[in-house]
Amino acid sequence: MNDAIHHFIEQYGLLAVFIGCVAEGESAAILGGFFAHQQVFVLWHAVLAAALGAFVGDTFFFILGRSFADHPYVASLRKRPGFRRAFRLLNTHPDIFVLSNRYIYGMRLVGGIAAGLSNIAAPRFVILNAISSAIWAVLFGTIGYVFGLGAEHVIGQALMHHERLLIGLGIGLTVAVLAWLVARHIARKERAREG
């Protein structure tokens, strides 16, 4: 069974990193770096998958905001905590906002929709989004790689066997839970500030 899991991750791991990074994605990028350290796949492949996923996700949300502003789904996203603040920041500092939006957990979706609804030119957004996606992917992929290096030193050679897969999944789950808790806390503060 362990060989089957290992083979599955080798075959579809980069696709999972890409899909995971289309959404919020930090944990997917970190896992990509971790598995690259474990030699399941090459680090630059993991970074490229994360960068492409992040770029595609943000561009999709931008297009959604730009082309479907009156759609009920977009209207509901405009009511999310932080949307007004994101839209205000986007209109005052568009370049800085697009470059930094992905680093604020829980704001990528709202920020992409806000960018689509703003006056920022599409080519400008695409260039800034590509730069931001590349930097973000290198940062979080490297964090995952260093996580793998640290885990190998702490746990030893056990990582060279199937345990590395379970440890990687544990790290990903831990990062996802922590990110969810932080996003929930930030959303509560935004609701209190806006309400």
Side-chain angles (χ1 to χ4, degrees), residues 6 8-65 82 86 89-90 93-116 120 122-152 159 164-165 167-183 186:
H6 184 79
F8 184 79
I9 291 175
E10 281 180 340
Q11 291 294 114
Y12 302 106
L14 291 173
L15 180 61
V17 169
F18 171 81
I19 292 170
C21 290
V22 167
E24 294 295 336
E26 286 85 359
S27 55
I30 289 170
L31 277 175
F34 176 82
F35 284 124
H37 178 268
Q38 299 306 310
Q39 299 173 354
V40 176
F41 33 78
V42 181
L43 179 60
W44 76 267
H45 291 171
V47 168
L48 182 62
L52 288 173
F55 177 79
V56 167
D58 285 355
T59 303
F60 171 76
F61 295 127
F62 175 83
I63 291 169
L64 194 64
L89 286 170
L90 184 61
H93 306 290
D95 294 347
I96 293 170
F97 182 86
V98 174
L99 289 170
S100 63
N101 179 54
R102 79 179 54 262
Y103 298 94
I104 305 167
Y105 188 82
M107 289 296 292
R108 272 185 67 192
L109 184 128
V110 171
I113 297 290
I120 191 169
R124 183 177 176 189
F125 175 83
V126 167
I127 291 168
L128 292 170
N129 184 33
I131 293 167
S132 180
S133 297
I135 294 169
W136 178 87
V138 168
L139 175 68
F140 282 96
T142 302
I143 288 170
Y145 193 85
V146 171
F147 233 162
L149 185 61
E152 188 172 88
L159 286 177
R164 67 184 178 190
L165 302 176
I167 291 167
L169 294 174
I171 290 169
L173 182 60
T174 301
V175 169
V177 168
L178 289 174
W180 178 77
L181 290 171
V182 167
I186 291 170

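As the structure is a prediction and not an experimental result, all values here were calculated from the model.
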Nearest 0.5 Å please: distance from the [atom1] atom of [X] over to the [atom2] atom of [Y].
X: L90; Y: I96; atom1: CG; atom2: CD1; answer: 11.5 Å
X: L43; Y: L48; atom1: CG; atom2: CG; answer: 11.0 Å
X: D95; Y: I131; atom1: CG; atom2: CD1; answer: 9.0 Å
X: L14; Y: L52; atom1: CG; atom2: CG; answer: 11.0 Å
X: L99; Y: H93; atom1: CG; atom2: NE2; answer: 13.0 Å

Are N129 and T59 linked by a side-chain donor-acceptor pair shorter than 3.5 Å?
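Yes - a donor-acceptor pair under 3.5 Å links their side chains.
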
What closest approach, in Å, do A29 and A50 show between heavy atoms, and which atom pair accounts for it?
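Looking at all heavy atoms of both residues, the shortest contact is CB-CB, 4.0 Å.
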
What's the shortest heavy-atom distance between S133 and A54, and which atoms?
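S133 and A54 have their closest heavy atoms at OG-C, 3.8 Å.
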
For a 4.5 angstrom cut-off between non-hydrogen side-chain atoms, does [X] reach [Y]?
X: F61; Y: V110; value: no
X: W136; Y: C21; value: yes
X: Y103; Y: S132; value: yes
X: V22; Y: F18; value: yes
X: I120; Y: F62; value: yes
X: L31; Y: V17; value: no

Name the orientation class of the two ring planes belonging to H37 and Y145 (parallel below 30°, tilted from 30 to 60°, perpendicular beyond 60°).
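Taking Y145 first and then H37, their aromatic rings stand perpendicular (interplane angle over 60°).
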
